[in-house]
Structure formats: structure tokens, C-alpha cells
Participant: 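Sharing a structure here in C-alpha cells format.
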Amino acid sequence: MPDDAAPSNTAIDWAELRARAHEASRTAYAPYSNFHVGAAGLVDDGRIVTGCNVENASYGLTLCAECALVCDLHRGGGGRLVAVTVTDADGELLAPCGRCRQLLLEAGGPDCAVNENTTVAELLPGAFEFPLPQD
Ligand code: THU
């Protein structure tokens, strides 16, 4: 495998990602829904980024756990998400919401693995992709 290639699915420690997502759910601020969510992602340089949901009295401005995860990705130096797991407060897997599928597409691309058994491409078929200028 070339050095710049993403690790194969077998190189992804899903148990670790799930544990880190579960741990992140404990830091959620969700007094309105009382639904605590955590997300963890493996970056192509090997680091793990995490996020939790943060709600707001306006409801519509709620930040999903995946939003915080993508912020953590950029704050930690950027890179590409290879795999993402999302859980509730019991550590049970959750499907990312529609908005977050678009976020994950931009941060990980269509081949980014999600919750061990699917990919961003499968979760978001026919996705909108803006033609970013090449740098
Ligand atoms: N939530 C997430 O954090 N991620 C998702 O993909 C779906 C929903 C949060 C938002 C809100 O704080 C709570 O779950 C209930 O919808």
C-alpha cells in the first residue's frame, strides 16, 4: 500500500473508535433532548478526533456530535477522515443525520467508513459536491 493511501478497513480499530465515541457522549450538552451523542473518527495520519452534541435554546442551532468532530479534525491540523463511529450514551451505534452526512463527505470523502458496515457514499447517494479549486 502506498504511504499516502488510507488504511484498509481491517486496519481500523472499531472497538477503540466506539469506546472513544461513547466516552465523548459523556461530555454532551443536551438539556433539551436529553439525548447524548458522541462521535469518534480515525484520521489518515492515525490520530483520533472526537465530538459531542451541543444544544441551544433555539433548537435549530443544535450542533451534532459530528460537527464537533469535524471542528476537532481541523483544530488538530486537518487531514482526511478514514472512519467514523457515532454512539448514544449507552454506546449503541447511531446513523449520522442528513446534514452530518454532507459534513462527513467533505471531511472524509465517499469512501470514509461509517459504523463498521457502511460508507459515506452509501449513506449519501447522489451527493452534492462543490468543485473546489485545486491548491
Ligand atoms: N444528534 C447528533 O449529535 N448527531 C446526529 O447525527 C443526529 C442527532 C444530536 C442532535 C441533538 O442534540 C440530539 O442528537 C437529538 O436529535
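Since the model is a prediction, treat every value here as computed from it, not as a measurement. The figures that follow rest on heavy atoms only: side chains count, while hydrogens, waters and symmetry mates do not. Indexing begins at 1, ligand by ligand and atom by atom, following the structure's order.
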Participant: When rounded to the nearest 0.5 angstrom, what is the spacing between CG in D90 and OG in S25?
Facilitator: 8.5 Å

Participant: Please state which part of S33 comes within less than 4.0 Å of ligand 1, counting heavy atoms only: side chain, backbone, both or neither.
Facilitator: side chain

Participant: So for V86, does at least one of its heavy atoms come nearer than 4.0 angstrom to any atom of ligand 1?
Facilitator: no

Participant: Please confirm whether P96 comes under 4.0 Å of ligand 1, counting heavy atoms of the residue only.
Facilitator: yes

Participant: Closest non-hydrogen protein atom to atom 16 (O) of ligand 1, residue and atom name please, with distance?
Facilitator: F35 CD2, 4.8 Å

Participant: Please assess V120 against L81 for the test side-chain contact (heavy atoms from CB on, under 4.5 Å), listing each intermediate value before the final yes or no.
Facilitator: CA-CA 11 Å; V120 168; L81 291 174; over 6 Å; no

Participant: Give yes or no for whether the N/O distance cutoff of 3.5 Å, strictly under, is met between A65 and ligand 1.
Facilitator: yes

Participant: Which distance, rounded to the nearest 0.5 Å, do you find between the OG1 of T50 and the CG of D72?
Facilitator: 5.0 Å

Participant: Please report which non-hydrogen protein atom sits nearest to atom 12 (O) of ligand 1, along with the residue it belongs to and the distance in Å to one decimal place.
Facilitator: E55 OE2, 2.5 Å

Participant: To the nearest 0.5 Å, how far apart are CG in L94 and CG in N115?
Facilitator: 7.5 Å

Participant: Might you work through the side-chain contact (heavy atoms from CB on, under 4.5 Å) test for R47 and L73, ending with a clear yes or no?
Facilitator: CA-CA 9 Å; R47 66 190 211 276; L73 171 73; 4.1 Å; yes

Participant: Name the closest protein heavy atom to atom 8 (C) of ligand 1, giving the residue it belongs to and the distance to 0.1 Å.
Facilitator: C64 SG, 3.9 Å

Participant: When you compare ligand 1 with T62, is there at least one nitrogen or oxygen pair between them that comes in under 3.5 angstrom?
Facilitator: no

Participant: Could you tell me if the side chain of E23 sits less than 4.5 Å from the side chain of R18, heavy atoms only?
Facilitator: no

Participant: Looking only at protein heavy atoms, identify the closest one to atom 7 (C) of ligand 1 and say how far it is in Å.
Facilitator: C97 CB, 3.8 Å

Participant: For the atom pair SG (C97) and CG (L123), what is the distance rounded to the nearest 0.5 Å?
Facilitator: 11.0 Å

Participant: Identify the closest protein heavy atom to atom 9 (C) of ligand 1: which residue and atom is it, and at what distance?
Facilitator: N53 ND2, 3.6 Å

Participant: Any idea which protein heavy atom is nearest atom 6 (O) of ligand 1, and the distance to it?
Facilitator: E66 OE2, 2.7 Å

Participant: Count the heavy atoms belonging to other residues, nucleotides or ligands that lie under 6.0 Å from CD of E122, then report whether that count exceeds 12.
Facilitator: yes

